[in-house]
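Let me begin by presenting the structure, written as structure tokens, before commenting on it.
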Amino acid sequence: MRILVAGGAGYIGSHTCVALLEAGHTVIVADNLCNSKAETLDKVKQITDKDVTFYKVDVTDEAAVDSIFATHQIDGVIHFAGLKAVGESVEKPLAYYYNNLVSTIVLSKACLKYGVRKFVFSSSATVYGENEVPFVETMDLLPTTNPYGETKAISERMLTDAAKSKSEFSVSLLRYFNPVGAHESGLIGEAPTGIPNNLMPYVTQVAKGKLGKLRVFGNDYPTIDGTGVRDYIHVMDLAEGHVVALDKLTSGVHIYNLGTGQGTSVLQLVQAFGEANGIEVPYEIVDRRPGDIAECYADASKAKRELGWTAERDLLDMCRDAWRFEKGYV
Ligand code: NAD
Ligand code: UDP
């Protein structure tokens, strides 16, 4: 199939381009490079030895998106083109609502206009709010605590309504848990600008000596060791999940958790990083980070049952691959 990957130069998008190309699909990327670099796509070509068509466009620009759809006979869209920093979304809510909602509207409208049947959307476990773990797709969603989370919940509803209005338009809403790690080659990975917000890139930068020590946000949660528990998933497993979701997408709206189903605490991750890479990461316990929940992990059984997909790489693989990328990154 010919797949338009919006946000394909970014972290998850670039790994998904690799997985799509390796599965034999043709890839067209639309990205405005607001949080990525075009060179990443050269690395994608290097890894796969296949070509990618790239448009540097903002996917909120309806005319630019229309001209891509008019030029290529697109069979499916994967929409990664979102702004994703939770804290920044509180400071700049309108920028987040505009970018994340208008991009979804523009891309899905173009699908309806050009008869593109398959749409895969990057949602997030954040839409569950502070529900009971494990999170199951059938749960009622609770309010999220920030504009970023709201853009995911609203996009899910918009796409659901669009699919209801046109039976040929099928939507897969993929709720990611915590993507970490990098492609096994070490050529592409997560390269946040500035000081990372997320745990794994913070850990790799401490290991590299770029940052002093990890600050562990709270050790008084009701969890195995008091630190926050998350469901970390290798980014290549996540990428492969998109290929299967796209291949198997049939009419209607389908919601899948993409996680491992395993909860890991901050201290367990630090320990696994040491074990995988032989590097002890210094840390200190500090106050809880506002807005953090104690535990977040998936019931991953629906994706297994309906898509035949499960995450195959373990926490040691995630730590090893994240470090391999960071070591080589300048
Ligand atoms: P990323 O920032 O690395 O990738 C997003 C890409 O989209 C970037 O290349 C950026 O330049 C591009 N982009 C953003 N707005 C655009 C626009 N209007 N037009 C064109 N390009 C645009 O982020 P990521 O981690 O790869 O996340 C991809 C998607 O998955 C996002 O929607 C994010 O909200 C969602 N998600 C990410 C995580 C995570 O932990 N990384 C978890 C859950 C959901
Ligand atoms: N965390 C931490 N120190 C950091 C970054 C994160 O202790 O520098 C903790 C955070 O409190 C949470 C877990 O690590 O319990 C995962 O945080 P991340 O920001 O990676 O993901 P999210 O909170 O969005 O699930």
Side-chain angles (χ1 to χ4, degrees), residues 5-16 29-38 40-41 55-61 64-65 78-87 89 95-96 98-104 106-107 120-127 146 148-149 151-152 155 174-180 188-193 195-203 205-206 211 213-219 221 223 226-233 235 238-239 242 258-259 263-270 283-297:
V5 185
Y11 173 46
I12 306 169
S14 57
H15 290 79
T16 303
V29 168
D31 198 304
N32 65 0
L33 305 180
C34 70
N35 198 34
S36 54
K37 294 182 182 149
T40 301
L41 294 174
Y55 291 94
K56 184 174 181 299
V57 299
D58 192 311
V59 295
T60 63
D61 178 342
V65 167
I78 309 183
H79 176 18
F80 294 106
L83 300 176
K84 63 167 181 176
V86 171
S89 80
Y96 271 68
Y98 187 85
N99 192 76
N100 292 2
L101 299 184
V102 176
S103 59
T104 304
V106 167
L107 289 166
V120 175
F121 178 66
S122 296
S123 189
S124 164
T126 194
V127 298
N146 55 76
Y148 166 75
T151 68
K152 293 298 175 192
S155 289
L174 302 182
R175 294 179 179 160
Y176 310 157
F177 283 69
N178 288 57
V180 296
I188 55 173
E190 188 172 14
T193 46
I195 296 176
N197 291 312
N198 296 115
L199 180 61
M200 185 66 96
Y202 206 105
V203 164
Q205 292 196 17
V206 170
L211 296 169
K213 57 167 86 150
L214 172 69
R215 290 171 311 140
V216 175
F217 297 138
N219 67 349
Y221 286 106
T223 61
T227 66
V229 164
R230 297 290 183 272
D231 184 340
Y232 298 96
I233 173 169
V235 66
L238 188 66
H242 287 72
L258 294 185
T264 300
S265 75
V266 177
L267 294 182
Q268 286 172 328
L269 187 139
V270 169
Y283 67 85
E284 61 179 332
I285 309 289
V286 299
D287 287 346
R288 290 181 178 194
R289 183 170 65 177
D292 273 356
I293 60 174
E295 292 192 286
C296 169
Y297 56 89

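Note that ligands are numbered from 1 as they come in the structure, with each ligand's atoms numbered from 1 the same way. Residue indices begin at 1 and follow the sequence shown. The shown structure was predicted, so the numbers you read here are calculated from the model rather than taken from an experiment.
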Would you mind running through ligand 2 and noting each atom that sits below 4.0 Å from a heavy atom of [X]?
| X | value |
| --- | --- |
| G228 | 15 (O) |
| R289 | 10 (C), 17 (O), 18 (P), 19 (O), 23 (O) |
| N197 | 5 (C), 19 (O) |
| N178 | 21 (O), 22 (P), 25 (O) |
| V216 | 7 (O) |

Examine the proximity of ligand 2 to [X] and report which part, side chain or backbone, both or neither, has a heavy atom under 4.0 Å away.
| X | answer |
| --- | --- |
| R215 | backbone |
| D292 | side chain |
| Y221 | neither |
| L199 | both |
| T126 | neither |

- Are T227 and Y221 close enough, and set up right, to give a side-chain contact (heavy atoms from CB on, under 4.5 Å), and what steps lead you there? CA-CA 6 Å; T227 66; Y221 286 106; 5.7 Å; no

- Using a distance-only test with no angle check, is there a side-chain donor-acceptor pair under 3.5 angstrom linking Y176 and S122?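 Judged by distance alone, the side chains do pair up.
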
Atoms in ligand 1 with a heavy atom of [X] nearer than 4.0 Å:
| X | answer |
| --- | --- |
| L33 | 11 (O) |
| S124 | 43 (C), 44 (C) |
| V57 | 19 (N), 20 (C) |
| C34 | 10 (C), 11 (O), 13 (N), 14 (C), 15 (N) |

Quick one: does [X]'s side chain get under 4.5 Å of [Y]'s, heavy atoms only?
| X | Y | value |
| --- | --- | --- |
| V203 | L269 | yes |
| N178 | I233 | no |
| V235 | E190 | no |
| V59 | V106 | no |
| L214 | V270 | yes |
| D58 | S103 | no |

What protein heavy atom sits nearest [atom], and how far away is it?
| atom | answer |
| --- | --- |
| atom 22 (C) of ligand 1 | N32 OD1, 3.1 Å |
| atom 9 (C) of ligand 2 | V266 CG2, 3.7 Å |
| atom 33 (C) of ligand 1 | Y148 OH, 3.7 Å |
| atom 8 (C) of ligand 1 | D31 OD2, 3.5 Å |
| atom 25 (O) of ligand 2 | R230 NE, 2.7 Å |
| atom 16 (C) of ligand 2 | Y232 OH, 3.3 Å |
| atom 3 (O) of ligand 1 | Y11 N, 2.8 Å |
| atom 24 (P) of ligand 1 | K84 NZ, 3.7 Å |
| atom 18 (P) of ligand 2 | N198 ND2, 3.5 Å |
| atom 40 (O) of ligand 1 | P179 CD, 3.3 Å |
| atom 7 (O) of ligand 2 | F217 N, 2.9 Å |
| atom 19 (N) of ligand 1 | V59 N, 2.9 Å |
| atom 4 (O) of ligand 1 | G10 CA, 3.5 Å |

Have a look at [options] and point out the one with the heavy atom closest to [atom].
| atom | options | result |
| --- | --- | --- |
| atom 30 (O) of ligand 1 | F121, F177, Y176, F80 | Y176 |
| atom 44 (C) of ligand 1 | A191, S122, A9, S123 | S123 |
| atom 7 (O) of ligand 1 | G7, A85, S36 | G7 |
| atom 15 (N) of ligand 1 | L107, N99, I12 | N99 |

- Message: The test is side-chain contact (heavy atoms from CB on, under 4.5 Å); show your working for N100 and L83 and say whether it passes.
- Response: CA-CA 7 Å; N100 292 2; L83 300 176; 3.9 Å; yes

- Assess S103 for proximity to ligand 1: is some non-hydrogen atom of it under 4.0 Å away? no

- Among the heavy atoms of K152, does any lie under 4.0 Å from an atom of ligand 1? yes

- Query: Should we say atom CZ of F217 is surrounded by more than 12 heavy atoms from elsewhere, each under 6.0 Å from it?
  - Reply: yes

Do [X] side-chain atoms and [Y] backbone N/O form a donor-acceptor pair below 3.5 Å?
| X | Y | result |
| --- | --- | --- |
| T40 | S36 | no |
| S155 | K152 | no |
| N198 | P201 | no |
| D31 | A9 | yes |

- Message: V120 vs H79, test: side-chain contact (heavy atoms from CB on, under 4.5 Å). Steps then yes/no.
- Response: CA-CA 6 Å; V120 175; H79 176 18; over 6 Å; no

- Query: Closer than 4.0 angstrom: is that true for some heavy atom of Y283 and an atom of ligand 2?
  - Reply: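 In this structure, Y283 fails to qualify as a contact of ligand 2 - no heavy atom is under 4.0 Å.
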
- Flag this pair as yes if the NZ/CZ of R230 is under 6.0 angstrom from the six-membered ring centre of Y297 and inside a 45 degree cone about the axis; otherwise no. no

- Can Y283 and R215 be said to form a side-chain contact (heavy atoms from CB on, under 4.5 Å), step by step? CA-CA 6 Å; Y283 67 85; R215 290 171 311 140; over 6 Å; no

- Distance from S124 atom OG to L174 atom CG, nearest 0.5 Å?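 These two atoms lie 11.5 Å from each other.
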
- Message: Tell me if the centroids of the rings in H242 and F121 come within less than 6.0 Å of each other.
- Response: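 For H242 and F121, the ring centres are not under 6.0 Å apart.
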
